[in-house]
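One structure below.
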Number of protein chains: 2
Amino acid sequence: MKISTEMLKGVLEGIVLQIISGGETYGYEITKELNQHGFEDLVEGTVYTILMRLEKNQLVTVEKKKSTKGPARKFYSLNAAGQKTLETFWQNWEFLDQQMTHLKEDNHVQ
Amino acid sequence: MKISTEMLKGVLEGIVLQIISGGETYGYEITKELNQHGFEDLVEGTVYTILMRLEKNQLVTVEKKKSTKGPARKFYSLNAAGQKTLETFWQNWEFLDQQMTHLKEDNHVQ
DNA sequence: GCCACTACTTAGTTTTACTATGTAGTGGTA
DNA sequence: TACCACTACATAGTAAAACTAAGTAGTGGC
């Protein structure tokens, strides 16, 4: 099973924030992690554009570190604004989740 | 609480399908119903574009009926393809929901 | 006659993710 | 040492979906 790409809009940014909140990480690793957790078709390009957006919106701090396996990695961490945004994201998600549950149950005629 | 608009992309079409599956209805009514169920900021224009997409994609049948309160209403019903799409939508939603739950629990460091 | 409410339509914009491609560093191996 | 696989980041252009904003039109009440 894979997730329809349109359904991810507005959710993917929160997902990436959540992963970063679990500990300093970088784009390539985030992509691999998501690929192994249901987001099979997600490619690097998508993750990098999100990371750049997060940086532009000042939700993360970035630190470049050398790797033994390739080019230098850009490690991302959440700052206070990022934490706040993440909390708001989960509140929104939970609210939407509730509405969807109601919608399905209330409206289920059959 | 209102739902962030970006989070709705790809979800709203399923929501509208679900509402129609509960019984023949029309755009204006769907809008009002959603406005009263957490989707406060949703406006008619958005619903109508979705309805036209559903019609274009042949997921619904349309019947025009006179109203005593204004212009004629366009009543929508799901056809077989619409039912199928709705089922797939809920499967996708549930899968995403599960992934989100895992993501939040597995990754929750604090 | 005007207004509120009902009801549908649509052109243009914004946001977000995808497609596709490119650049570059490291280590293994033939 | 030349090549390849893998690691790692960047970005221009496109597509999809919802929003903004404005319009048209019918009905009944005051």
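Proteins get letters first, then strands, A, B, ... in listed order; numbering begins at 1 in each. Everything numeric here is computed off the predicted structure, so don't read it as measured data.
Rounding to the nearest 0.5 angstrom, the gap separating the CD1 atom in B/Ile50 from the CG atom in B/Leu12 is 3.5 Å.
When rounded to the nearest whole Å, the span between CG of B/Asp41 and C1' of D/dT20 equals 13 Å. Atom CD in B/Glu13 sits roughly 12 Å away from atom C1' in D/dA18 (whole-Å rounding). The distance between atom NZ of B/Lys74 and atom P of D/dA25, rounded to the nearest whole Å, is 16 Å. Atoms CD (A/Glu29) and P (D/dC6) sit 18 Å apart, rounded to a whole Å. The interatomic distance linking B/Phe75 (CZ) with C/dT6 (P) rounds to 14 Å, in whole Å. Spacing between atom CZ of B/Arg73 and atom P of C/dT9 amounts to 14 Å, rounded to whole angstrom units. Spacing between atom CG of B/Leu51 and atom C1' of C/dA7 amounts to 12 Å, rounded to whole angstrom units. In this structure, A/Ile15 places its CD1 atom 13 Å from C1' of C/dT16, rounding to the nearest Å.
Scanning all heavy atoms of the two residues, the minimum distance from B/Glu33 to B/Ile19 falls at OE1-CG2, 3.9 Å. The two residues A/Leu59 and A/Asn79 have their closest heavy-atom pair at O-OD1, 3.1 Å.
DNA chain C is contacted by B/Met52, B/Ser67 of residues 52-68 of chain B, taking any non-hydrogen atom closer than 4.0 Å.
For the pair B/Tyr48 and C/dC8, the criterion of a side-chain N or O lying under 4.0 Å from OP1 or OP2 is met. Remark: A/Tyr28 is not in phosphate contact with D/dC9, judged by side-chain N or O atoms under 4.0 Å from OP1 or OP2. Put simply, B/Tyr26 has a side-chain N or O that comes within less than 4.0 Å of OP1 or OP2 on C/dA7.
Using a 4.0 Å heavy-atom cutoff across all strands shown, B/Gly45 reaches at least one base atom of the nucleic acid. As judged by a 4.0 angstrom heavy-atom cut-off over every strand, B/Glu44 is placed among the base-contacting residues.
Side chain of B/Tyr48 to backbone of B/Tyr28: a donor-acceptor contact under 3.5 angstrom is found.
Of the candidate nucleotides C/dC18, C/dG25, C/dT10, C/dT10 has the atom nearest to the side chain of B/Thr49.
Evaluation of the salt bridge (charged side-chain N to carboxylate O under 4.0 Å, His left out) rule for B/Glu63 yields no partner, not counting sequence neighbours.
Toward the 5' end of DNA chain D, the nearer of the two residues A/Gly70 and A/Thr46, judged by each one's closest nucleotide, is A/Gly70. Between A/Lys9 and B/Leu42, the residue anchored nearer the 5' end of DNA chain D, judged by the nucleotide with its closest heavy atom, is A/Lys9.
With respect to B/Glu94 and A/Lys104, a salt bridge is recorded, a charged nitrogen being found less than 4.0 Å from a carboxylate O. Classification of A/Glu24 and A/Arg73 as a salt-bridged pair fails, no side-chain N sitting under 4.0 Å from a carboxylate O.
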